[in-house]
Amino acid sequence: MPVDLTHPDPIDLADPRFQPLLEKLQGNILKSHGRDYAMHSFFRFRGDPAAARRLVAELTRRYVTSAAEQEQQIARFKAGHEQELFGALMLSAKGMKLLGLTLPAGFGEATLQPATSAPVSFANPMKDAAAVFADQPDQWDAGYRGGDIDGMLLLAMGHAEEPYDADAIPTALLDAAKDANALIDGAAEVVAFEIGQQQRRGDDAVEHFGFIDGISQPALVTSDLPPPQDRTENDPSAGLALALLRDPFVRDDDACGSFFVFRKLEQNVRLFRDEEARLAAALGGIPRDQAGAMMVGRFQDGTPTVLAGAPSGASPPVNNFSYAVDPGTPPAFPAKCPFHAHIRKTNPRGDIGRQFGGGAAVDENERQRRVVRRGITYGSRDNDLGDAPSGGVGLLFQCYQSSIPDQFAFMQNSWANNEDFVRPGGSGHDSIIGQGPRGVEQTWPGPWGSNATRKLPGQRQLVTDKGGEFFWTPSMPFLQSL
Ligand code: HEM
């Protein structure tokens, strides 16, 4: 029986009923590949469809890891074997057309209401959506500027060893990427190449501003689902339909694919520290780490500000919370986690229903916007992250979803960049990823925990898009049919 994508719950990867799905799906979608180093080769075909098909077939044969194979790799690693190379392959709409494919009507279009303020479609390159995301493609890194990327190969390997060094990229991975790029260089040209090297603090994966990342994710598989007592306030469960759809380019009911977004997001660490200090002073001399925490919605150790005014040290960080405890019911504003805190903007956990009324349907609509994040940091830092670069470091943001317009684009455009999010005229941009000119003031609790609020000018933009593309992650049977 074909896999039921409408099934609302996470799946058990050990259940034999899902084996055909796993064999025909690329890895890294249902479960992260988990490597600390990743190479991303962006290529443009030279124009010969037959040669392009041969190249994709060969890259698949050599490198692409199915979800089933990823499970076997995990089992071998746990049994003490060396960690193996992981590979994934994505194609843009332009690349798919060159391979001779016709996108079916509606493929990659928005289906949910409300939709983004301007239409975004998978069929067009990311640069055409610049106005929607407040991107400046003329300032992107050269390889992305033309919007003519056809595909991306991801190769990943290596994990934290003691003492961990983000700069110690495994030689075997560098060699594999070199071989892959040489192979690509026949039928295509490598137009951009990005090296992901995960920053860590101890065992924790952190992003360049110093915060633990990757805490809150939709759980598509039961092994990622917390026990029932830890999901009373926030249930991360997700059905397969959040990330998968049937691959329309192959006749096989078990063959699924996923839409994929890549964005190279540069982080200005110096400016972050500056904004943090200014905010701490403006809110009456609160601790700096509390100011930074209110920008993110969590302290560096992951403690949610909605639950505590100082880091709790809880490990793993708490994720079983909603904003019902700090609703900021009009005319008041939240006292602990501002509406524009990064994690409150990107996962409002019921805020939309609470502010505008609505109930279960509104909450479900909000949950359907979630994305599966798989990004990795790039750029070199001092080992203790004590330096403060103003460029050259950031996040190779990557996410999977079943609809780019309904999920990533909506999250960035209608939530992060929308100054009227939840509270018209009073929330402002997402403090971390908001892009675009600052129009309204942001409303902060002054200080943390206080119902008194202070309106401050919108913070400066800390994260800048340096390029990216929309991709489709084809099924294994499709890739093997070329
Ligand atoms: C969560 C940082 C870009 C969506 C987080 C967290 C941090 C963080 C520190 C908290 C840890 C966690 O809950 O996993 C950053 C930085 C970014 C960035 C530094 C850019 C350089 C983005 C983008 C999006 C996004 C572009 C999507 C448009 C999310 C989501 C969560 C999250 C959905 C989880 C929220 C929750 O469920 O509570 N991010 N992020 N992030 N981020 Fe980002």
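Note that ligands are numbered from 1 as they come in the structure, with each ligand's atoms numbered from 1 the same way. None of the values given here were measured: they were computed from a predicted structure.
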Closest to atom 37 (O) of ligand 1 among C399, S216, A341 (heavy-atom distance): S216
Numbered in order shown, the ligand 1 atoms found under 4.0 Å of a heavy atom of F408 are 28 (C)
Cation-pi between R369 and F410: NZ/CZ under 6.0 Å from ring centre and within 45° of the ring axis? yes
Atom 23 (C) of ligand 1: nearest protein contact (heavy atom, Å): F397 CE1, 3.3 Å
Check whether the side chains of S121 and E109 place a donor and an acceptor atom closer than 3.5 Å, and report yes or no. yes
Under a 3.5 Å cutoff, is there a donor and acceptor pairing between the side chains of W415 and D430? no
Taking atom CD1 of I286 and atom CH2 of W448, what is their separation to the nearest 0.5 Å? 10.5 Å
Can you name the atoms of ligand 1, numbered from 1 with element, that are less than 4.0 Å from a heavy atom of Q412? 26 (C), 28 (C)
How far is atom 42 (N) of ligand 1 from the closest protein heavy atom, and which atom is that? H342 NE2, 2.9 Å
Against heavy atoms of F211, which atoms of ligand 1 measure under 4.0 Å? 9 (C)
Can any side-chain N or O of E207 pair as donor or acceptor with the backbone N or O of T377 at less than 3.5 Å? no
Return the residue, atom name and 0.1 Å-rounded distance of the protein heavy atom closest to atom 30 (C) of ligand 1. T346 OG1, 3.3 Å
Can you list the ligand 1 atoms lying under 4.0 Å from a non-hydrogen atom of Q267? 19 (C), 21 (C)
Atom CG of D203 with >12 non-hydrogen neighbours under 6.0 angstrom: no
Is the closest side-chain heavy-atom distance between K94 and P125 below 4.5 Å? no
Please indicate whether any nitrogen or oxygen in G214 is less than 3.5 Å from any nitrogen or oxygen in ligand 1. yes
Where ligand 1 meets V463 - atom numbers and elements under 4.0 angstrom, heavy-atom basis: 21 (C)
We want to know whether H40 and Q398 form a side-chain donor-acceptor pair, criterion being a heavy-atom distance below 3.5 angstrom. yes
May I ask you to check whether F259 and F107 place their ring centers less than 6.0 Å from one another? yes
Any nitrogen or oxygen of N347, side chain or backbone, less than 3.5 Å from one on ligand 1? yes
With heavy atoms of I433 as the reference, note each atom of ligand 1 found under 4.0 Å away. 3 (C), 17 (C), 18 (C), 20 (C), 22 (C), 23 (C), 24 (C), 26 (C), 28 (C)
Centre-to-centre under 6.0 Å for F408 and F470, is that the case here? no
Y400 and F260 aromatic ring geometry - parallel, tilted or perpendicular at 30°/60° bounds: tilted
Quick test of your reading of the structure: of R369, R344, R373, whose heavy atom lies closest to atom 32 (C) of ligand 1? R373
Do T464 and N268 have a side chain donor and acceptor closer than 3.5 Å? no
To which protein heavy atom is atom 16 (C) of ligand 1 closest, and what is the distance rounded to 0.1 Å? I432 CG2, 3.9 Å
Would you say H159 and D36 are linked by a side-chain donor-acceptor pair, where the criterion is simply a distance under 3.5 Å? no
What part of R298, side chain, backbone, both or neither, has a heavy atom within less than 4.0 angstrom of ligand 1? side chain
Proximal atoms of ligand 1 relative to R349 (non-hydrogen, under 4.0 Å): 36 (C), 37 (O), 38 (O)
Answer with side chain, backbone, both or neither: which part of N319 has a heavy atom less than 4.0 angstrom from an atom of ligand 1? neither
Do you see a donor-acceptor pair shorter than 3.5 Å between the side chains of D135 and Q435? yes
Residue part near ligand 1, for H208, under 4.0 Å between non-hydrogen atoms: neither
Which protein non-hydrogen atom lies closest to atom 7 (C) of ligand 1, naming both residue and atom, and how far is it? D213 OD1, 3.6 Å
So for I215 against ligand 1, with non-hydrogen atoms under 4.0 Å, the contacting part is both
I'd like to check which ligand 1 atoms, numbered from 1 as shown, lie under 4.0 Å from a non-hydrogen atom of I212. 9 (C), 10 (C), 11 (C)
Relative to ligand 1, is R370 under 4.0 angstrom through side chain, backbone, both or neither, heavy atoms considered? neither
To which protein heavy atom is atom 10 (C) of ligand 1 closest, and what is the distance rounded to 0.1 Å? I343 CG2, 3.7 Å
